[in-house]
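What follows is a set of notes on a single structure, which appears directly below.
All heavy atoms count here, side chains included; hydrogens, waters and symmetry mates do not.
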Amino acid sequence: MKLQLVPLHEKYKKHLSEMMEEWSVSGERIVPFAIARYDYHDFEQYRNSIENKENNGPLVPDTTLFCLDEDRDIFVGAVNIRHYLNDLLLLNGGHIGDGVRPSERRKGIASKMIGLALKECKKIGLDKVLMVCDKENIGSAKSIQNNGGILENEIVVDGVVEQRYWITIN
């Protein structure tokens with residue numbers, strides 16, 4: 001499986017729609033939050049709104065990329081990279097949010113996608129990143145650990161135990 005992170009381009013309109021429809025039908029929360037923030041049915045507005053270019057309240061500048069499986073020509077997930085952390089993201093959010101569409105889970109995609117996201121983080125000047133996941137999400141924790149994530153601590157946010165991992169980028 002050949003994966004790459006790509007920005008949302010017009011040629012990926014169908015890819016986006018298929019992935020988001022699958023997620024919607026599943027009834028699961030779509031992650032990263034950045035890809036669910038706006039209505040993907042209005043493609044142009046969605047594409048123009050998906051990234052935050054400036055510091056805006058709880059949001060910091062970010063980059064959203066979609067994970068393309070080149071062999072099958074489908075989106076298998078997405079990452080949202082926050083360029084720096086504010087107090088809220090330092091506590092519970094981190095630098096990278098990632099999600100794999102329901103039908104593509106348990107195939108190692110998240111680990112590979114995080115590895116690709118770390119390369120993007122390096123390009124924007126980050127040498128250490130924070131990733132956070134629910135303690136109950138064992139698959140997510142393993143994907144973070146597979147990329148060098150070291151558990152710093154666990155915190156409780158809205159009654160949910162969150163694990164905070166730091167990854168040093170080589």
### Task
Not counting sequence neighbours, which residues clear salt bridge (Lys or Arg N to Asp or Glu O under 4.0 Å) with Glu51? List them please.
Lys53

Could you tell me if the side chain of [Y] sits less than 4.5 Å from the side chain of [X], heavy atoms only?
| X | Y | value |
| --- | --- | --- |
| His95 | Trp166 | yes |
| Ile30 | Met20 | yes |
| Ile35 | Ile50 | yes |
| Ile96 | Leu118 | yes |
| His83 | Val60 | no |
| Tyr84 | Leu126 | no |
| Tyr40 | Glu21 | yes |
| Pro7 | Tyr12 | no |

Using residues 129-144 as the side-chain source, report each donor-acceptor pair under 3.5 Å to any protein atom, sequence neighbours left out, with the distance given to one decimal.
from	atom 1	to	atom 2	distance (Å)
Lys135	NZ	Glu154	OE1	3.4
Lys135	NZ	Glu154	OE2	3.4
Asn137	OD1	Ser140	N	3.0
Ser143	OG	Gly139	O	3.0

Under 4.5 Å between side-chain heavy atoms, hopping through other hydrophobics if needed: is there a path connecting [X] to [Y]?
| X | Y | value |
| --- | --- | --- |
| Ile167 | Ile124 | yes |
| Leu65 | Met113 | yes |
| Leu151 | Ile114 | yes |
| Trp23 | Val100 | no |
| Val6 | Phe43 | yes |

Could you grab the distance from atom [atom1] of [X] to atom [atom2] of [Y], nearest 0.5 Å is fine?
| X | Y | atom1 | atom2 | result |
| --- | --- | --- | --- | --- |
| Lys2 | Asp69 | NZ | CG | 11.0 Å |
| Arg164 | Ile155 | CZ | CD1 | 6.0 Å |
| Lys123 | Glu120 | NZ | CD | 4.0 Å |
| Ile109 | Cys67 | CD1 | SG | 6.5 Å |
| Tyr38 | Asn48 | OH | CG | 11.0 Å |
| Leu16 | Tyr46 | CG | OH | 5.0 Å |

#### Entry: Remaining members of hydrophobic cluster (4.5 Å side-chain criterion), Val161
Val156

### Message
Using a 6.0 Å cut-off, check whether atom CD of Gln45 has over 12 heavy atoms from anything other than its own residue.
### Response
no

### Query
Would one find more than 12 heavy atoms of other residues, nucleotides or ligands at under 6.0 Å from atom CG of Asn170?
no

### Query
Does Ser17 use its side chain to pair, donor to acceptor, with the backbone of Lys14 at less than 3.5 Å?
no

### Query
Within the distance-only criterion (no hydrogens, no angle test), does the side chain of Asn147 pair as donor or acceptor with the backbone N or O of Ser111 below 3.5 angstrom?
yes

### Query
Tell me the side-chain hydrogen bond (donor to acceptor under 3.5 Å, both in side chains) pairs involving residues 96-108, sequence neighbours left out?
Glu22-Arg101, Glu22-Ser103, Glu28-Arg105, Arg72-Glu104, Glu104-Lys107

Tell me which donor-acceptor pairs under 3.5 Å the side chains of residues 73-80 have, and how far apart each pair is, sequence neighbours excluded?
from	atom 1	to	atom 2	distance (Å)
Asp73	OD1	His15	NE2	2.9
Asn80	OD1	Arg82	NH1	2.8
Asn80	ND2	Asp62	OD2	3.0
Asn80	ND2	Thr64	OG1	2.8

Could you pull out every donor-acceptor pair under 3.5 Å between side chains of residues 86-93 and any protein atom, sequence neighbours left out?
from	atom 1	to	atom 2	distance (Å)
Asn86	OD1	Leu88	N	3.2
Asn86	OD1	Leu89	N	2.8
Asn86	ND2	Pro58	O	3.0

